[in-house]
Protein chains: 2
Amino acid sequence: MILKSQVEWALHCCAILAGLPEGRYLSTKALAELHGLPKEYLSKALQSLSQASLVNTTLGPSGGYRLARASSEINFLDIVEAVEGSARSFTCTNIRENNPCRAEGYCDSKPCAVARIMWEADEAWRNTLRRVRLSDLVSILSEEVPAELWQSTFAWVLKRAG
Amino acid sequence: MILKSQVEWALHCCAILAGLPEGRYLSTKALAELHGLPKEYLSKALQSLSQASLVNTTLGPSGGYRLARASSEINFLDIVEAVEGSARSFTCTNIRENNPCRAEGYCDSKPCAVARIMWEADEAWRNTLRRVRLSDLVSILSEEVPAELWQSTFAWVLKRAG
DNA sequence: GGTTTTCGGATATGATATATCCTTAATTCC
DNA sequence: GGAATTAAGGATATATCATATCCGAAAACC
Ligand code: FES
Ligand code: FES
């Protein structure tokens, strides 16, 4: 059970977009360069964010991506589910139905106990991600990343933001 | 991020083994038949349980599997990790290192904030699974499964247990 | 009109999950 | 001792999914 690397990419990109001044856009090219990622493939992750309405896009030479709402209104789960999908990690294939002792036509009323427990764990994972806002990540980063690097990075970004 | 179906299989098999009388073994063949699963492939899941020391095995005509310890001493995480592995679902590929603004040779002191948050969610998932014992599942099942089916199933199992 | 950009579709490649087969060694039963 | 049964593990095949690249269309900017 491994999340795709697109999840990491999307999170880092959102953190950068969160620092963008109102109304400016940042292109896939800039985001790919900044993170050392394949531009074409990163583009797919950004498209997922766009389809989930987490970011707005515009075309043309000064186009690119920006957050669709305030970074305090976007949480980690929004981003993770945008690229990873919202399907549960555990799927019940109902093998209990194959029990040869079961009466013909017998139908279970509830989802089975095994699945319910696994789904509970899934919910705990989701709840943790739901509680962390993108703005929280930005706060942490702005404290942890050396001030010099933090500033030069946003200077670099602003030079490329349309 | 999808768990393999072996996880479901292992959980159901453990629930059955938990109902086995002291010292008896149940073969892969019986477990596969009971759940309608490919015997050879289910065998791989059971081997994983064996390598994790969750079950004991014995060879020969009356051989098979039994729990290595009491069902109250085995939790869901034990079983899930036995077949799924214990690697974290999120891996930090350190793309922050690719930032062109970083000074040469600069080395980060801690794991990055993104990874720490994702790992926290992972821990929440694991903790939930850790809190549920195999004996808890058996209790739930014994209440939920119709008494008739529950009894006939264990009669079926006992007839095949060596 | 030419350039730059997002978007979607097509396609290729690699890794992993799923599944089967076969050999070996241990155990039971006769 | 010999035959039958079983788990363990290696080899292999197939399907699905993650990763990655490429291209054409449409939109925006100059
Ligand atoms: S029948 Fe297996 S998890 Fe529901
Ligand atoms: S650098 Fe991306 S998660 Fe650590």
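Letters A, B, ... are given to chains in the order of the sequence lines, protein chains preceding strands, and every chain is numbered from 1. Given the structure is predicted, the values throughout are model-derived calculations rather than measurements.
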Note: Ser50(A) and Tyr65(A) closest approach over all heavy atoms is CB-CE2, 4.4 Å

By side-chain contact (heavy atoms from CB on, under 4.5 Å) - contacts of Arg131(B) (at least two apart): Asn127(B), Thr128(B)

Could you state whether Val145(B) and Val157(B) fall into the same hydrophobic cluster, counting links through intermediate Ile, Leu, Val, Met, Phe, Trp or Tyr residues with side-chain heavy atoms under 4.5 angstrom apart? yes

Can you tell me if Gln51(B) touches the phosphate of dA8(D), counting only side-chain N or O atoms and a distance under 4.0 Å to OP1 or OP2? no

Atom NZ of Lys29(B) to atom P of dA4(D): distance rounded to whole Å? 15 Å

Do the side-chain N and O atoms of Ser152(A) and Glu148(A) include a donor-acceptor pair separated by under 3.5 angstrom? no

Taking protein heavy atoms under 4.0 Å as touching, what does nucleotides 15-20 of chain C look like 5' to 3' if B marks base contact, S marks sugar-phosphate-only contact and - marks none? --SBBB

How is Ser50(B) classified with respect to the nucleic acid when contacts are heavy atoms under 4.0 Å: base, sugar-phosphate, or nothing? sugar-phosphate

Any side-chain donor paired with an acceptor under 3.5 Å for Gln6(B) and Ser48(B)? no

Grab the CD-C1' distance between Glu33(A) and dT5(C) for me, whole Å please. 15 Å

Using a cut-off of less than 4.0 Å, is there contact between a side-chain N or O of Thr57(B) and OP1 or OP2 of dA8(D)? yes

Looking at Arg24(A) and Leu158(A), what are the two nearest heavy atoms and their distance? NH2-O, 3.4 Å

Rounded to the Å, how far apart are Arg160(B) CZ and dT5(D) C1'? 16 Å

Could you pull out all residues at least two apart from Arg66(B) that satisfy salt bridge (charged side-chain N to carboxylate O under 4.0 Å, His left out)? none

So, using salt bridge (charged side-chain N to carboxylate O under 4.0 Å, His left out) as the criterion, who are the partners of Lys159(A) when residues are at least two apart? none

Leu42(A) CG - dT21(D) C1' separation (whole Å): 14 Å

Rounded to the nearest Å, what distance is computed from the CD atom of residue Gln47(A) to the C1' atom of nucleotide dT19(D)? 15 Å

Please list residues of residues 59-67 of chain A whose heavy atoms come under 4.0 Å from any atom in DNA chain D, ordered by number; otherwise none. Leu59(A), Gly60(A), Pro61(A), Ser62(A)

Using the test side-chain contact (heavy atoms from CB on, under 4.5 Å), find all partners of Glu97(A) that sit at least two apart in sequence or belong to another chain. Asn94(A), Arg102(A), Asp108(A)

